[in-house]
Amino acid sequence: MYDIDWKIAGVGGMGAMGVGLIFSKFMMRTGYWVVDYNEYNSIIKGGHNTFQVRASLEVNYCVSSKVDLLIALDEYSLIYSNSLKNDSSVILCDWELIKDKTVVDRSRVVDVPFSVINKSEGGDEIMKNIIALGASLALIGADIDICVDILNEQFGKKGDLVVEKNIKLLKAGYNYILGKYRNYMVLFTRKHGMYKTIEPSDKRYLITGNEAIALSSVEEGLGFFAAYPMTPASSILHYLASISSDYNFVVKQTEDEIAAINSAIGASFAGARSMTSTSGGGFALMTEGLGLAAITETPIVVCVVSRPGPSTGMPTWTDQGDLRFVMHSSQGEFLRVVLTPSDPEECFRLTKVAFYLSEKYQIPVIILTDKYIAEGHWSCRIDLNITTASRNSLISQVALDRIETYERYSDTPSGITPRSLPGMKKGEYLANSDEHDNYGINSEDASNRLVQLNKRYTKKLARLISELPTNKIYGNKDSKNAVITFGSLKNQVLESMKTNTNFKYMNLRCVCPFPTSEVNSFLDGIDNLFVIENNYIGQLAGLIREYVGRAPNYQLLKDDGRPIQYEEILDFMKKNGY
Amino acid sequence: MYDIDWKIAGVGGMGAMGVGLIFSKFMMRTGYWVVDYNEYNSIIKGGHNTFQVRASLEVNYCVSSKVDLLIALDEYSLIYSNSLKNDSSVILCDWELIKDKTVVDRSRVVDVPFSVINKSEGGDEIMKNIIALGASLALIGADIDICVDILNEQFGKKGDLVVEKNIKLLKAGYNYILGKYRNYMVLFTRKHGMYKTIEPSDKRYLITGNEAIALSSVEEGLGFFAAYPMTPASSILHYLASISSDYNFVVKQTEDEIAAINSAIGASFAGARSMTSTSGGGFALMTEGLGLAAITETPIVVCVVSRPGPSTGMPTWTDQGDLRFVMHSSQGEFLRVVLTPSDPEECFRLTKVAFYLSEKYQIPVIILTDKYIAEGHWSCRIDLNITTASRNSLISQVALDRIETYERYSDTPSGITPRSLPGMKKGEYLANSDEHDNYGINSEDASNRLVQLNKRYTKKLARLISELPTNKIYGNKDSKNAVITFGSLKNQVLESMKTNTNFKYMNLRCVCPFPTSEVNSFLDGIDNLFVIENNYIGQLAGLIREYVGRAPNYQLLKDDGRPIQYEEILDFMKKNGY
Amino acid sequence: MDINSYNTYKKPTWCPGCGNFGIWIALKTALSQLEIETHKVTIVFDVGCSGNGSSFIKCYGFHGLHGRSLPVAMGIKLVCDNTKVIIMSGDGGALGIGVGHFIHACRRNVDMTMIIHDNQVYGLTTGQTSPASEKGYKSKTTPLGVLEESVNPVLLALSSKCGFVSQGFSGQMNHLVDLMKSGINYKGFAFINVFQPCVTYNHVNTFEYFQKRVYKLEETDYKTDDYNAALIKAQECGDKIPLGILYSVERETYEEGSVYTDLSKNLSPDNINRNIFELLSEFE
Amino acid sequence: MDINSYNTYKKPTWCPGCGNFGIWIALKTALSQLEIETHKVTIVFDVGCSGNGSSFIKCYGFHGLHGRSLPVAMGIKLVCDNTKVIIMSGDGGALGIGVGHFIHACRRNVDMTMIIHDNQVYGLTTGQTSPASEKGYKSKTTPLGVLEESVNPVLLALSSKCGFVSQGFSGQMNHLVDLMKSGINYKGFAFINVFQPCVTYNHVNTFEYFQKRVYKLEETDYKTDDYNAALIKAQECGDKIPLGILYSVERETYEEGSVYTDLSKNLSPDNINRNIFELLSEFE
Ligand SMILES: Cc1ncc(C[n+]2csc(CCOP(=O)(O)OP(=O)(O)O)c2C)c(N)n1
Ligand SMILES: Cc1ncc(C[n+]2csc(CCOP(=O)(O)OP(=O)(O)O)c2C)c(N)n1
Ligand code: SF4
Ligand code: SF4
Ligand SMILES: [Mg+2]
Ligand SMILES: [Mg+2]
């Protein structure tokens, strides 16, 4: 099966990210499964960006630590030459620009004089990246027509001139290889395998986790979205803002995260499906609001896109360090759901679940992801119209008209009391952050307190538990070795399972309420438990100990801002004898 | 052994709390061990207040659910008549004011016409409470001279007239009983036991948990305290503000809790020992700051005085629902200490430990208490001058002069790097909320990240663990039944152990880092684990499962805003056969 | 409409004589005179003595977090045209912990009415200094007197471009009712600062204190549409204190500016499951 | 003092042409001209492109949380007399999320100098609308233009009783250096709003934009001690934009007001273990 690991690197502002995405899209359009991964710094220009793509004919899950083709837009980028996969792997760069010619093996280098070509073709300084893209396409033996289409779409809004310039440079890069390096191309494709365009069997989209959440929320009838910019959550806000007027919902950049969650709660109280998104630092400011939603029984969906902490930490990098934080934040005890999708496709599905559960149970639901899946693209199928249900747990005017006095917080068998919305006659009530009675009015009475706690927590939980997303078991179901992860790590584990099938595997997509019985039976009778997490202290392992009473035999942890790579998982398993 | 359970109740504004405290003090001064407990509502006047005192010759830990003497300042207060202890117990009230004379057994009532006496003695409307106090002192056979002293001290600042009026009313109440109810007094003391003044064997103070924390922080050299008012933490702020000018430290009521913790961190960065205090809702706003202290390695002590949540919840009541919240708040993972003192004496001791650990390890330390011990008084010994140490982990100017370049965050064997203070020559550095290198300068490098995590977390933890306060084992050490609690519940468990000694008992005064090995050996070989908590979901039990792998056999939980009573513990043990 | 129709089963628990009673009655009176039925008004309350009022007014009520009443109110109003939105907050909530939201609400100009119960003290937490306390004010937290200049709420509102800035006094009921009616009728963010003596904790800014100082702008030849005049008038807060409308002009509201989205279309049960097919084409 | 002595090993990472370079050089120049040594100054940075500057200036630096630079600075100054305290914040941090602290810092008047890098945009988070963005400004978060009136930082400072209110432009280095020197020398809370074009994201408020509009108050007969005149002058932010000191008067600082506590006595190693014996007597 054909596959390719392609990487471009350069100083921020050189456009590595831009053409990387075009390459991803190109590969998807021509029939491949694609996943990409990018790295950049928390500064606007300068710094160093990389964009890596893995494209293959069979389904793939994550990029590799090795590449077949490295495009180095500057000299510094040659540090990645140590990640060339094998002796058919090449480096594409402008050899003229390299001062220290000893850092790489010249024979690996396909020299494309970006600057010279750029100048001769009348390109702008920042357009070298397009030349490089064209050259790399030639090298792998691809046809560029589809890429020309993509450029047309991408730059169409910027006018014909820009489009034409880009196409010209793309072709210049492409033709340079065909002219000067045809032998190299032949060599590369002979060794690497011949690229060819495939008719994909199904419709695929190339989207990020953030885009998936945004799209799904729109489909679910999002009525109000408020957020404050924060990397790596901002693109949810950006995307929703760009379409809000066409799709008729409110998007508000608020003055801070406190206003974001409080206004979303207000809008939800008034009847709109409401969401907010942020990263850990912004979530810290939302914690008080979370409890407000809980005690007033107002639905709210909160997306938390993790980056390494503590504090400002490493804003443009990834980790899974906020698990316990989102589970336990806000004073007091209340029911909440924490969903942990593993990739954009699951982001899309679980966002629907989030809105459904939140509205039905009138509770806060958190979607916890991380920078890695929030900003990386995966080619995936999107099932439209798998919408969970229509509105839930609302009372109708007809029903209100029928009853004597409406009791918003009366105790019910399910713990769920249908809510009225402002404007409805006879539906007046008080949504109260203080403990309250059936009408919402302040109450400090001990027995009322216990009724309300029981209603809000115990009763709802009993019913909720059966509606939580279940967790699939992968791999050899009879194996005595079990691997558990949550969220984005599924990608690397599944990729590693292409090589190593010595274990069975479960990825948790809902960590709270913890799926105790599922994990229990998954772990039943095993010899070894492996827990793998992208954090420092192993929070998931703690949860498993707490809820299932089982400590891991082996733990793989990493928290340097980079995702654990699937090769690291293979090594880890091997090191421990599996 | 003589003991008495005394309670006064009335509408807010009637001064039940005021004379309750005088009674507590009186009993302590006359040689008794005293503990008191109050209840009030989250409104300023009106609502219902109660103040209950238990005084005895042997050490006591908490009030009882039963009383010997109930003072009902209004009719509503008669609802507490169902808590009379036995047939020698009496109700003191103004029978004229009681409209429904059927609610209590008239034979239990000592009728003191507060209003009539008050009018005839020229008292103010709000002074009936003093008459009641005088009457109750007579009833138990006490001498009132010492109480007169207390009134002198208490009202001295308000001028002689006020003092005299109060004394006059006190005596009027006292004499009314001696005159009209001498037989009752004789009866009461005969049945109940004779009160007598004791020369206490040691010096005792009657203080609340909040006062103990404040006093201890002053002794520890507090330099800066900032807070925003929030029940039930406010009295720390009030007390410190009242003495700051005499003891020369800064107390600042800030615009919010965010400013409180950030300014305290700033002051600590500049070298002052700094503290802030709040309750759960305010702590929610401080969570982001906690991580800032951690990553910049700036010492900070945060007091969290719990009340029932979620959200505004029940502001004037008690619970232990914020355990996991304070343990896991703020994005990312970092070392913190959570101390959970059980009473004012331990508040005093552990505040010292908090300052010591925080400064030495340059980490945030949280003191977690609850309304129950924060606002209740316990008579206790205060050891002065058990101060832990002088300043810690600071670099001197001499040392700075000696080195080439100062590296504030260089890796050291202990993980602790001595810090410089603004103004010191050659000590410049950057305290940075971003991940940083040895100088504090931004770094996104993977290997630097791991060095810093290891320094801040793993290395410090290794050393810290041996300095954490250990936990005493009470009761029958050979018992196969083990009870575990944390914080304020120790009071009720120890009180219950006066009756039931069928178990051994450990109260955790430090829950984070969790004392795994201590708890492990405590639980080694037991048959039954009992976990008792003043919350709804049993958070401590979860911690024990997580860290020790042991689930409780029996759990007693309560979260209606009231402390679990020692009688409930006795019942719970009995119900389960122990 | 009967003003008692705005009552709940719960009687007010404020201290006898508290200025909050006046505001409570004035608001009910204003609503009844404007014939705004209980289900047609949403009142968002802060936490404080003012906020305790949430239990005493029948309407769609929201008693949220301390200092956060404005964001909640904005969220409600932006999706629901169907209700009048009123914010009731203490001075501490509005001008202390929540002053950031206040600044942004002024410049945002969503159609709501904000009433500050300005007792210049933190009532519910038993009498600490508030940002509106006069310089030198002594309390438990500032036993030697507060060192900061006090916040001037009307000046702050003006400088944040609020289009309706006014001041009332809970001791002048009829005037306050009129002010509330003007504020509620104003299209945009209307701000009413109401002096509300706290008889328990604030022994400086008492009923008598205000009674002696206040005068009505309507009874002078003051013009309410002159911004610079308002900036100067707003500084009067010593021996003479102006009551009435300091400034009132027409400004485009936030909702008017965002006509491209119909803000209230998202509340019906039917609009779940939008078709996003077209949106997906970008990701092909 | 050599202005290079304020450099760290790290070169600035701002976009070429960014207005932050001007502020950076001006600050180093002002410090050097005032002969404030690197260990005698503490600079508290917000998070943002402005805050990234924390890695490029040698001093006691504190790069804290987004929007919270002022409280940190206050904490430092109230216990440490021994250092000048300067706050460097973006407009988003100072006027958006952190505007509450700004209001309170103005009325509190602690002796510190606050410099806002006012690029009217959120730089570091890649170009969203900021509270200082002009009404109608289009960005990723307001693709059809922002609907709010922009915050006017100098007007806000004035209405919050700031005693030193001024405005600079990173394109006018010498003038900015002088302003910084005046601000740092001012006894109390000095506020300097600096227009700092963001060449990457803000294509409205560019260098040319300001070059065309700014003029210097020192070159007019403007008096800096007239509060009402300042209120009016502060409103000039369209075709003409005043640079220089809009308002400067003497006010008692917070520290002067609290002389009863010697705020800086608590930093020595010796004062641990105060004797609280006397305090305990109250609890006997
Ligand atoms: C985050 C948070 N901090 C503190 C409190 C405690 N608190 C409740 S009301 C209040 C202030 C009350 O003052 P104000 O807003 O002026 O209202 P008033 O009681 O005077 O009407 C405070 C500090 C809280 N509820 N939440
Ligand atoms: C609590 C929190 N929310 C959001 C962010 C993300 N963030 C970092 S800088 C910034 C705003 C930057 O704008 P500005 O303050 O104007 O500074 P500039 O970059 O323009 O200099 C934001 C929103 C954060 N760090 N912390
Ligand atoms: S404390 Fe003051 S504001 Fe609160 S109810 Fe009493 S008088 Fe009113
Ligand atoms: S994004 Fe703007 S403010 Fe930030 S460094 Fe670049 S030009 Fe400067
Ligand atoms: Mg108030
Ligand atoms: Mg900015």
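Aromatic ring centres of D/Y254 and D/F189: separated by at least 6.0 Å.
Neither the backbone nor the side chain of B/A264 has a heavy atom closer than 4.5 Å to any heavy atom of chain D. Looking at B/I382, only its side chain comes within 4.5 Å of chain D, counting heavy atoms on both sides. Using a 4.5 Å cut-off between heavy atoms, B/L206 touches chain D through backbone and side chain atoms alike. Of the two parts of B/M424, the backbone and the side chain both hold a non-hydrogen atom closer than 4.5 Å to a non-hydrogen atom of chain D. The contact between B/R29 and chain D is made entirely by side chain atoms (from C-beta outward), counting heavy-atom distances below 4.5 Å. In this structure, the portions of D/F277 lying under 4.5 Å from any heavy atom of chain B include both its backbone and its side chain. Using a 4.5 Å cut-off between heavy atoms, D/H101 contacts chain B through both its backbone and its side chain. Within the 4.5 angstrom heavy-atom criterion, atoms from both the backbone and the side chain of B/K425 approach chain D. Heavy-atom distances place the side chain of B/Y239, and not its backbone, under 4.5 Å from chain D. With a threshold of 4.5 angstrom between heavy atoms, B/E153 does not approach chain D through any atom at all.
The greatest number of non-hydrogen atom pairs below 4.5 Å with chain B, out of D/L70, D/T8, D/I76, D/T13, is found for D/I76. Chosen from B/I265, B/I207, B/I258, the residue pairing most often with chain D at heavy-atom distances under 4.5 Å is B/I258. Contact tally against chain B (heavy-atom pairs below 4.5 Å) for D/K10, D/M74, D/R108: the top residue is D/R108.
For a heavy-atom cut-off of 4.5 Å, chain B lies close to D/E37, D/T38, D/H39, D/T42 in residues 20-46 of chain D.
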Inset, instruction - Kindly indicate, with the supporting measurements, whether the criterion side chain to side chain contact (heavy atoms under 4.5 Å, CB included) is fulfilled by B/T351 and B/E220. - result: CA-CA 8 Å; B/T351 300; B/E220 277 291 303; 5.6 Å; no

Legend entry - side chain to side chain contact (heavy atoms under 4.5 Å, CB included) between B/I213 and B/M275, intermediate numbers included: CA-CA 10 Å; B/I213 289 171; B/M275 181 166 83; 4.0 Å; yes

Legend entry - Full working for side-chain hydrogen bond (donor to acceptor under 3.5 Å, both in side chains) between B/N448 and B/S443: CA-CA 7 Å; B/N448 172 76; B/S443 166; 3.3 Å; yes

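Using a cutoff of 4.0 Å between basic side-chain nitrogens and carboxylate oxygens, B/D383 and B/R381 are not scored as salt-bridged. Under the 4.0 Å criterion applied to side-chain N and carboxylate O atoms, D/K77 and D/E255 are not assigned as salt-bridge partners. In summary, B/R391 and B/E359 engage in a salt bridge, as defined by a charged side-chain N under 4.0 Å from a carboxylate O.
The CD atom of B/Q397 sits 10.0 Å away from atom CG of B/L421, with the distance rounded to the nearest 0.5 Å. We find the CZ-CG distance between D/F102 and D/L95 to be 6.0 Å, quoted to the nearest 0.5 Å.
Classification of the D/F62-B/F269 ring pair by plane angle, with boundaries at 30° and 60°, yields perpendicular.
In terms of heavy atoms, D/W14 sits closest to D/C49 at NE1-O, 2.8 Å. Scanning both residues, B/A270 and D/V79, for their nearest heavy atoms gives CB-CG2, 3.6 Å.
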